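Bear in mind that the values here come from a model prediction, so they are computed numbers and not experimental data. Below, chain A is the first sequence line, B the second, and so on; all start at residue 1. Just so you know, these numbers use all the heavy atoms, side chains as well, and skip hydrogens, waters and symmetry mates.
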Protein chains: 2
Amino acid sequence: MDLSNNTIERITKIYGYLDALEERGVDFVSSKELAEALGTTDHTIRKDISLLGMTGYTRKGYSVRFFKKELAKKLELNKKRKACIIGLGRLGTALLDYERAKEDGFEVVAGFDCSINKLERIRTHIEVFPMSELENIIKGRSVDLGIITVPAKSAQQVADQLIEAGIKGILNFSPAKIVVPKNIIYLDMDFTNALRFVAAKFITKQ
Amino acid sequence: MDLSNNTIERITKIYGYLDALEERGVDFVSSKELAEALGTTDHTIRKDISLLGMTGYTRKGYSVRFFKKELAKKLELNKKRKACIIGLGRLGTALLDYERAKEDGFEVVAGFDCSINKLERIRTHIEVFPMSELENIIKGRSVDLGIITVPAKSAQQVADQLIEAGIKGILNFSPAKIVVPKNIIYLDMDFTNALRFVAAKFITKQ
DNA sequence: TCTAATGTGTGAAATAAATCACAGATGTAA
DNA sequence: TTACATCTGTGATTTATTTCACACATTAGA
Ligand SMILES: NC(=O)c1ccc[n+]([C@@H]2O[C@H](COP(=O)([O-])OP(=O)(O)OC[C@H]3O[C@@H](n4cnc5c(N)ncnc54)[C@H](O)[C@@H]3O)[C@@H](O)[C@H]2O)c1
Ligand SMILES: NC(=O)c1ccc[n+]([C@@H]2O[C@H](COP(=O)([O-])OP(=O)(O)OC[C@H]3O[C@@H](n4cnc5c(N)ncnc54)[C@H](O)[C@@H]3O)[C@@H](O)[C@H]2O)c1
């Protein structure tokens, strides 16, 4: 498959929406409704779905149950990959205990911090380790994803350690701009950049 | 100005990178270095900058100090707009105390929660209020941005309340897909969607 | 004061993405 | 059972974005 990032992003959002619909007991959904929920057009949605090789029912739309199951299979969301979190401060610990993540393709299996003090005081049901264990744990437990929640000045260093340990993907919550090799999947979750983005939108839109 | 979302996003990232460079005492930066930091090409960077009507110096690149100042002026990052946070759970309280946000166009001036119990126990230097005060505060203090950190099932309702109160932009951290009028600036910060996105990337890339 | 090296600036070309348009298909209501 | 309304599926078209290519500085070094 070679889908554009935009398509992948919309598809994963559709999955989330289907999830909510299923919970509400809805059977069918139209491209128009999906489009409205995602803030795009029905054409785009149908095109995306068509690109995935999936089909709906004329005059009814898409079967929520079937569509969701099919998507989960295609995106391999059932296959629980493993994730770890580095930096157990305010943000890191919030993410550590965020149960919801389990339903979306990854399970957090370990936390790391450089401060032994922090490690001792932390209360969580997920195992936490000092940084010296990083490589052991990642290699030993086949951890695929590293979630970085350390201060900006340590972010690149932590990323390098993760890559060295054989990580395949990185989610970076720090405001630092991290450089990674092209074969590493990288996603910038920078909150401060989101604020600037909104600020810029304010002046271009209004 | 009518810049594409992609351009705006890159520009705001460039701003963040310039910030880091300034701190390190770097004077000039080339489009190539910026491109590497953002994971794009130097052509794209130069085009973006050219679109903004800004120029660099031949064979030297762009003056970090000047470029950053100019960008801040163009994006009005100096003009501190006001933001509020709705839902003071784990995530909400972490964001409430996140000082860094002040440097990026918004200042958090209020927190809201429906649980009086939570409001009483919370320890923060930012004022917190019950939901009944939402409209008063937003209107009275000219709050522009609402940051939603309530559970998914309440997210749409909170968004509606914010819009009713006259908010201009919304940042939604819940996994719910929220529908807002087109004149509201809306950004989806859904962490679970990011996980699914990465999961999808794993199978398309590897 | 040359010369080579390096990095910008920007129309033009190429590529990618979104939108359109309309032919099916099928449920619904009379 | 007929006519109509509605929603999908997808080539074709349009629009947007990225990439290219190269002229044009300017600096550094010989
Ligand atoms: N707090 C927020 O609301 C918020 C929001 C968005 C982004 N962020 C960003 O997320 C990151 C963490 O924020 P926070 O508020 O949780 O910070 P924090 O200071 O509370 O936590 C940082 C943690 O990282 C650990 N750490 C520091 N250097 C390390 C290293 N080299 N290796 C391993 N662990 C290390 C520290 O011991 C600490 O526990 C920061 O980059 C911040 O900018 C925070
Ligand atoms: N915890 C995380 O790491 C994390 C990460 C990403 C996203 N999220 C999402 O962010 C949101 C908050 O997560 P959390 O872990 O902080 O949850 P939480 O349960 O700790 O906090 C939710 C808060 O919202 C308040 N609330 C509920 N309904 C409300 C309403 N109608 N009006 C005002 N306040 C209301 C509750 O009193 C509570 O204080 C959720 O949607 C969650 O899915 C959480």
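- Ion pairing between a basic and an acidic side chain is recognised when a charged N comes within 4.0 Å of a carboxylate O; D113(A) and K118(A) show no such pairing.
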Dump the intermediate steps for side-chain hydrogen bond (donor to acceptor under 3.5 Å, both in side chains) on Q156(B) and D160(B), then the final yes or no.
-> CA-CA 6 Å; Q156(B) 179 71 57; D160(B) 293 342; 3.0 Å; yes

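- When rounded to the nearest whole Å, the span between CG of N5(A) and C1' of dA18(C) equals 16 Å.
- Taking the six-membered ring where the residue is Trp, Y57(B) and F28(B) present perpendicular rings, their angle passing 60° and hence far from 30°.
- Considering every non-hydrogen atom in both A200(B) and T12(A), the closest pair reads CB-CG2, 4.4 Å.
- Between the CG atom of L3(A) and the P atom of dA17(C) there is a distance of 10 Å, rounded to whole Å.
- Y17(B) has its ring centre no less than 6.0 Å from the ring centre of F67(B).
- L51(A) places its CG atom 12 Å from the C1' atom of dA16(C), with the value rounded to the nearest Å.
- Listed in residue order, the members of residues 16-32 of chain A having a heavy atom less than 4.0 Å from DNA chain D are S30(A), S31(A).
- Rounded to whole Å, the distance from CG on N6(B) to C1' on dA18(C) is 13 Å.
- Between the side chains of N172(B) and K177(B), no donor-acceptor pair is found at a separation under 3.5 Å.
- With rounding to whole Å, I45(A) atom CD1 is found 16 Å from dC20(C) atom C1'.
- Residue D42(A) is classed as having no contact, given no heavy-atom separation below 4.0 Å to the nucleic acid.
- Distance CG (D48(A)) to P (dA16(C)): 16 Å, rounded to an integer number of Å.
- Map R59(A) and M54(A) each onto its nearest nucleotide of DNA chain D; the residue landing nearer the 5' end is R59(A).
- Protein chain A contacts DNA chain D over a range whose 5' and 3' limits, counting nucleotides with an atom under 4.0 angstrom from a non-hydrogen atom, are dA5(D) to dA12(D).
- A salt bridge is absent between D42(A) and K32(A); no separation between the charged side-chain nitrogens and carboxylate oxygens falls under 4.0 Å.
- Between dA16(C) and S4(A), no contact under 4.0 Å exists linking OP1 or OP2 to a side-chain N or O.
- In this structure, the separation between CD on E70(B) and CG on L75(B) is 10.5 Å, given to the nearest 0.5 Å.
- Two residues, Y57(B) and K47(B), neighbour DNA chain C, and the one matched to the more 5' nucleotide by heavy-atom proximity is Y57(B).
- Dashed line: the shortest gap from a side-chain N or O of R46(B) to OP1 or OP2 of dT8(C) is under 4.0 Å.
- Classification of E23(B) and K153(A) as a salt-bridged pair fails, no side-chain N sitting under 4.0 Å from a carboxylate O.
- Ranked by how close their nearest DNA chain C nucleotide is to the 5' end, T40(A) and I49(B) are led by I49(B).
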